[in-house]
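This structure is a prediction, so every number in the text was calculated from the model and none was measured.
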Amino acid sequence: MKKVSILGISGGGVYAAACAFQFSEKILKVGLISTINEFNNGRTPKNMSKPNRISFYLAQKLPWLLRFMFAQQKK
C-alpha cells in the first residue's frame, strides 16, 4: 500500500488532522503549520486576529464582497 504525507496550513490544518485520523494506515507524515482553532457553532475563536475573523465572517455572509476585496488587492 502506498503511503502519503500531507501538509495543512492555516485553515487546512483541521482537514489534514482529520485525514490523518480517518486514514491513519495510509498516512506517512502530517505537517501542521499555523493552524487555527476549531470553530464552535460556526463562530470564529475569540483569540483569532480581528482581520481574520472579519474575513471568515464575510466569506460566510457576503462571499461576493470578500471576492471583490481580494480582487482589488491584486491591482
Side-chain angles (χ1 to χ4, degrees):
M1 171 184 351
K2 182 178 179 182
K3 291 191 172 200
V4 297
S5 297
I6 56 175
L7 177 64
I9 301 171
S10 189
V14 177
Y15 297 101
C19 287
F21 178 78
Q22 184 69 30
F23 306 108
S24 59
E25 70 282 351
K26 297 179 182 179
I27 305 295
L28 180 64
K29 294 181 184 179
V30 177
L32 303 175
I33 299 173
S34 299
T35 61
I36 61 172
N37 296 335
E38 68 177 89
F39 291 18
N40 292 320
N41 298 323
R43 302 193 78 178
T44 56
K46 291 186 181 194
N47 61 347
M48 182 183 282
S49 71
K50 189 173 183 175
N52 285 350
R53 286 196 324 266
I54 291 169
S55 293
F56 277 107
Y57 176 83
L58 290 175
Q60 185 178 33
K61 303 291 185 182
L62 303 168
W64 62 268
L65 180 58
L66 187 63
R67 284 191 296 272
F68 173 77
M69 290 169 53
F70 285 152
Q72 296 307 304
Q73 292 178 7
K74 288 182 184 180
K75 296 179 181 182

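In this structure, the separation between CE on Met69 and CH2 on Trp64 is 10.5 Å, given to the nearest 0.5 Å. Atom-to-atom distance recorded for Ile54:CD1 and Phe56:CZ is 12.5 Å, nearest 0.5 angstrom. For the atom pair CZ of Arg67 and CG of Leu62, the computed distance is 10.5 Å after rounding to the nearest 0.5 Å.
Of all non-hydrogen atoms in Leu28 and Ser5, the two that sit nearest each other are CB-OG, 3.8 Å. Ile6 and Cys19 make their closest contact through CD1-CB, 3.8 Å (heavy atoms, listed as atom of the first residue, atom of the second, distance). Between Glu25 and Lys3 the shortest heavy-atom distance is O-CE, 3.3 Å. Heavy-atom minimum distance, Ile27 versus Ala20: CG1-CA, 4.0 Å. The minimum heavy-atom distance linking Leu32 with Leu7 is given by the pair N-CD1, 4.5 Å.
Under a hydrophobic-cluster definition in which Ile, Leu, Val, Met, Phe, Trp and Tyr are linked whenever side-chain heavy atoms come within less than 4.5 Å, directly or via other members, Leu65 and Tyr57 are assigned to the same cluster. Put simply, Ile9 and Tyr15 are part of two different groups of oily side chains (I, L, V, M, F, W, Y) that touch within less than 4.5 Å, one to the next.
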